[in-house]
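To find a chain, count down the sequence lines: A is the first, B the second, and so on, and within it residues start at 1.
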Amino acid sequence: MASEASRAGTASGGPSAHLELKGVTKRFGAVTALDDVGFDIPLGTTLGFVGENGAGKSTLMNILCGIQRPDAGTFVLHGEPVVLAGPRDAVLRGIFRVYQEQSLVSVYPIYQNLLLGLEDRFSRFGVLDRRAMRAIAKRVLGDLEIDLAPDVITGSLNFGTRQLVEIARVVAQSEVLAIRYPLVLLDEPTASLSGPELDLFYRIVDRLKTRYRASIVFVSHRLEEVLRLSDRIVVLKDGRVVDRDVSEPTEGKLHRLMVGRERLGDFYAVGRQRTSAGPPVLRVAGFTSDAFADVAFEVGEGEVVGIGGLVQSGKTELGLALFGVMEASGSVEIAGVEVSRASPAARIALGAGYVPLNRHRDGVMLGRSNLENIALPSLDRFSRGGIVSGRAVRRMAEAQIERLNIRPRDPDYRTGALSGGNQQKVVLAKWLAREPKLLVVDNPTRGVDAGAKEEIYRLLRELAERGCAILVISDDLVELIELSNRLFFLSSGRLSDPVPAPAEAKPREHDIVSLMF
Amino acid sequence: MNRLAVLGKLTPLLAALALFVFFSVMHDAFLTWPNIWNIVRQSSVLLIAAMGTTFIILIGAIDLSVGATMTLAAICAITLVPVVGEAGILVGLLVGAACGLFNGVLNAVLKLPSFLVTLGSLFIFQSLGLIVSGGRPIPWTTPISSTLAGGVVFGSFPKIGLWAIGVLVLCALFAKFTRFGQTIYAIGDNERTARMSGIFTTRLKVLTFVLAGAISGLAGILLGIRTFSASPGMGDPFLLDTIAAVVLGGTLLTGGVGGPLRTVLGVLVIVILANGMTLLQVDPFFQVGIRGAVVILAVLITGGRRRVDEIVK
């Protein structure tokens, strides 16, 4: 094992390509996820990967880190062909993946997570040498200027900080394994970072390159970020590389390559923003919980109101509390009815709907069909005397699948097997089927590709045009500004004054970002 | 759907058929009408009891008190007959429902794990059964109900089999076509999502336990009629057999997948296996072990757990 590790580190002569992939193909049953994919990563560069959901980015990452094996193709690491035996083999060869879904053991202190999987190097007769582990952890955190004590229990950290621990793990492990040139796979690492956390993240990535000689593979849906961080951008579409080095990349150009058509000039359909709002559908006053205090605002008919803030600002909790899933005191009126003590079911009956941040936990039944998922909140409307009318439900589900362009267009398809964007559309379909009067959406386009994003923005506009009041909670500042009529920011649980965002005079990002702190 | 998944779904059916053919070839007495009626008689009570367990497992819970509920319901029913007449038997259903209500409230309202709740109630119900019966078997002599559920019909078909078929049909229709049935699957798949889609999950979980309790009560009464007595411990063997039957049929312990029509197959596998092994005079010391091996084998094939990253606890 040790010899493998040192081999990766002693690739002499500094070969120009860190990793080279040729003809990589991967099939799952009848589906070809990757088709003859080839590219190379020059040593010490950042390679950005973009593509729609289902373009093959996740499969590619899985192959790069040894979780999946390609059906065909070669893998040349530091000029030497290799076959990765598994994720551990990849790590020993200096390939580290920073996961989108975090892979930390929450009950461990930070130092144990930094060295997770390498305990054998720190133990004698099965007893861990915690002092040595702490020392390494302390040094690595110091080098990266991450202000954390190694003994802190990982589960007590917030999401953004845990992401930093994940990255620090790469440095700690490559030191222990004596890897000279680590290859770091960053898979949607910034999906939940904002503000200062994001800046710290950029700084750390930069340090990985300059100080630790790392090459980086970067996958993200945030195109502006890919443009900012990458030295070279590869575009994947339908499992094929359509461009292995985009020249003079711009967001528009990347979008065209990914989707196969021009990005609409008006991506957020701002032209369809309503200029006046009707009477209030949602009215909140003195709303207080563990996460926020004394929140008050209104959302009118046909109005889109945005709520921004840092990850721990309490904005997600606000959405959950508005829907009755989380404890809070104060007054909430939906369509003129006081609901602060009411169940989610009662709020739904008044016309409310909620698209959650955590889709898999709160939004869909992964094991059931699209039809069952879409029908779930509407079973009352399709049953008489407790008997569900299967035919009416099917007609309704088919209509929604058609309307939202959910693919595959099969009401009996298992929702868990859909791509993220299509799953999100299923969640929207659940509520659209009820013609909601109030829709609360938390990060409606998280993990959703550009094409589906456009569709979701148009759906939200369409709902607003029909008089639905929409509350958008989002980490994506641009999305928030462009969608909303007015926006608020939550900062340490307090709501800011409203910022008007009329279609003809949208506030600029850097003018309002200070409201988040 | 890929071929493996189809095979997995068909496993219980194929297993039942294979056992049927195997024993038919191995022993002349197996494929005879008297023995087939025997199998019907042996599977009826188990099938009914397993219907209740199916719904409990579908919502992702477990009920360890099935057997104790059956016993308590039967003892209460037969004890009341001399006092209020034969209609007292219906009290057995209420007792079963009350047992379910107790489990359901502790699990769904007070949010205690169903495993622990029903482990505790198993002992409590056993104790109540001993207290009511005085610890002695009570002879079951009720002319009207015995006519309804005992003996045979259409020449030689055991009447109790008709009860089992009736309960099965009702449960299958209930699971597939009612709003309640649909929400049982929703709760089993993802309770949070169900609640956030406007389902009254707490209420429905309690009701599921009540329904399962009432079904257990019915199973207890029919067992009393079939064995002509109600005695402490009469329901005990049904606890493990019902769970085995539900799991054999392919209903997942994690909830949300499976249903009554699958459980029938599990029941048939268990009963045919026991019946056939007895005919072949397999050493009883071996019989129980073989049954266990079949359960594990069937789950192994049915599950189709091939994903490396799946974690099983």
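What you find for B/Gly198 and A/Ala345 is that their closest heavy atoms are O-CB, 3.3 Å.
Heavy-atom distances place the side chain of A/Leu320, and not its backbone, under 4.5 Å from chain B. Using a 4.5 Å cut-off between heavy atoms, A/Val364 touches chain B through its backbone atoms (N, CA, C, O) alone.
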Can you pull every donor-acceptor pair closer than 3.5 Å across chain A and chain B?
residue  : atom : partner  : partner atom : Å
A/His360 : O    : B/Asn190 : ND2          : 3.1
A/Arg361 : O    : B/Asn190 : ND2          : 3.1
A/Arg361 : O    : B/Thr193 : OG1          : 3.2
A/Asp362 : O    : B/Thr193 : OG1          : 3.3
A/Asp362 : OD1  : B/Arg192 : NE           : 2.5
A/Asp362 : OD1  : B/Arg192 : NH2          : 3.3
A/Asp362 : OD2  : B/Arg192 : NH2          : 3.4
A/Gly363 : N    : B/Thr193 : OG1          : 3.3
A/Val364 : O    : B/Asn190 : ND2          : 3.0
A/Val364 : O    : B/Thr193 : OG1          : 3.4
A/Leu366 : N    : B/Asp189 : OD1          : 3.2
A/Gly367 : N    : B/Asp189 : OD2          : 2.8
A/Arg368 : NH1  : B/Gly256 : O            : 2.3
A/Gly386 : O    : B/Arg179 : N            : 2.7
A/Val388 : N    : B/Phe177 : O            : 2.8
A/Lys430 : NZ   : B/Ser197 : OG           : 2.8

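Here the CZ atom belonging to B/Phe180 is positioned 13.0 Å from the CG atom belonging to A/Leu379, to the nearest 0.5 angstrom.
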